[in-house]
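Below: the structure, in structure tokens.
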Amino acid sequence: MAKRKKKTSAANGSMTTGMIREPAEQRFAAELTALESADDRAKPAGWRLSPRAVRTFICGSDGESIGGVVIPRKFYGDDVLVERAIVTLASNRGLMMVGEPGTAKSMLSELLAAAVSQTSTLAIQGTAATTEDQIRYSWNYALLLAEGPTPRALVPSPLYTGMKQGQLVRFEEITRCPPEVQDTLVSILSEKVLMVPELEGDDSILFAQPGFNIIGTANTRDRGVHEMSTALKRRFNFETVQPIADPEEEVALVQRESGRLLDESGVDVDVTRDVIEVLVDVFRDLRSGMTSDGMQVERASTVLSTAEAVSVTMSAGLDASFYGDGQLGAASIARHLVGAVLKDNADDLEKLRHYFNTVVKKRSQSVKGVWADLHRARKWLPR
Ligand SMILES: Nc1ncnc2c1ncn2[C@@H]1O[C@H](COP(=O)(O)OP(=O)(O)OP(=O)(O)O)[C@@H](O)[C@H]1O
Ligand SMILES: [Mg+2]
């Protein structure tokens with residue numbers, strides 16, 4: 001099997017830019033520029049690309065070269081959902097993406113913001129401690145004391161900036177904010193204005209510019225959307241993002257994403273498809289409670305998302321590079337699988353052991369290969 005080439009700094013995006021993770025508009029700058037140059041369709045006011053080009057950016061160009069660049073698919077799943085999301089952003093309602101953890105809600109919101117507004121960094125992270133000021137605006141207290149409430153002393157929030165510049169604003173995990181704080185958005189979404197009563201004249205009212213809208217995300221496992229006020233719900237169009245249905249697509253995604261992340265960390269490790277296939281099978285079996293060949297297993301109580309399959313592969317890859325022979329194998333996978341499965345409930349260790357003693361054992365005898373390696377790696381399960 002061919003060894004991966006040693007990484008050079010040129011192959012490593014993060015090393016050349018000095019950032020651990022570039023925002024989407026920088027990571028995909030060449031694609032966005034190519035799409036923009038070839039885009040001759042009408043664009044909603046304030047948008048960088050037409051709705052069709054935004055869709056192509058997210059769902060790919062099916063091998064076709066656009067402005068000299070083939071656009072790869074970034075979101076695997078329901079393309080119609082992507083189209084509806086884009087339509088919502090051009091309407092007068094906000095977009096709310098809900099779903100299980102790790103179903104690419106944040107990724108979609110970042111890609112949409114990068115394609116529509118050229119920036120994905122106008123983002124508010126919702127927490128139980130988020131305040132109204134963090135959503136609207138706050139003050140630089142030194143300037144406030146020195147010169148009173150002036151435009152110079154006002155510290156704009158990402159939302160304020162998005163309204164002023166006509167750009168999309170992302171509100172991550174919105175349902176983790178107290179409902180009364182979430183409701184700050186009600187008047188902003190319906191009136192598209194933000195009052196600043198402390199300032200005078202024109203400065204006391206901010207009218208949103210065309211192109212402004214809000215993309216919210218909410219996780220169905222944490223605090224659910226049922227706590228969101230009906231007034232706020234009515235101002236959003238909801239889209240539920242489902243886990244990837246097709247195992248082939250999930251395998252391709254995990255291989256591509258973990259390969260990219262390992263590349264970016266500059267390690268030299270060989271990630272083969274057969275190992276990823278086994279990992280994805282294990283995740284799907286424990287997630288659904290049913291193996292692909294119809295055997296019932298106990299479902300893990302934690303979420304085992306595609307995003308977690310990517311991070312287990314990444315950790316296992318680093319492990320293989322640091323402490324192994326640079327070949328990602330079942331032993332590294334087993335060592336890192338445990339943490340992902342047991343994170344919510346230590347009692348799931350029994351379920352995992354049972355899975356190894358039944359499903360993995362059976363496949364180690366019939367399918368052999370990586371399954372046999374994985375069965376041998378059961379010694380890494382905690383006692
Ligand atoms: N359908 C999918 N298409 C493409 N990538 C996916 C898909 N599902 C999961 N992923 C992978 O999962 C990663 C993380 O997803 P993301 O953080 O956007 O999930 P999330 O839904 O926001 O999760 P959370 O609710 O925990 O915030 C993505 O970067 C991608 O690698
Ligand atoms: Mg998220």
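First listed ligand is number 1; within each ligand, the first listed atom is number 1.
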What atoms of ligand 1 come within less than 4.0 Å of a heavy atom belonging to S106? 18 (O), 20 (P), 22 (O), 27 (O)
re atom 13 (C) of ligand 1, the protein heavy-atom contact at minimum distance is A307 CB, 3.6 Å
Non-hydrogen atom of G102 closer than 4.0 Å to ligand 1: yes
Would K74 count as a contact of ligand 1 if the rule is a heavy atom under 4.0 Å away? yes
Cationic N near anionic O, under 4.0 Å, E248 to R284: no
Tell me which protein heavy atom sits closest to atom 30 (C) of ligand 1, plus the residue, atom name and distance to 0.1 Å. M107 SD, 3.9 Å
Is any side-chain heavy atom of L108 less than 4.5 Å from a side-chain heavy atom of M97? yes
Would you say T217 contacts ligand 1, with heavy atoms under 4.0 Å as the rule? no
Using a cut-off of strictly less than 2.8 Å, determine whether S106 has an N/O/S atom near the Mg ion (ligand 2). yes
Before giving the answer on salt bridge (Lys or Arg N to Asp or Glu O under 4.0 Å), spell out for D373 and R376 the whole-Å C-alpha distance, their side-chain angles and the decisive distance to 0.1 Å. CA-CA 5 Å; D373 295 344; R376 275 192 294 278; 2.5 Å; yes
Nearest 0.5 Å, what's the CZ-CG distance between F212 and L189? 6.0 Å
Report yes or no: does E173 have a heavy atom closer than 4.0 Å to ligand 1? yes
Out of P101, A218, A104, G77, indicate the one that has the non-hydrogen atom closest to atom 16 (P) of ligand 1. A104
Would you kindly say whether D344 and S301 are connected by a side-chain donor-acceptor distance under 3.5 Å? no
What residue and atom, counting heavy atoms only, is the protein's closest point to atom 21 (O) of ligand 1, and at what distance? K105 NZ, 2.7 Å
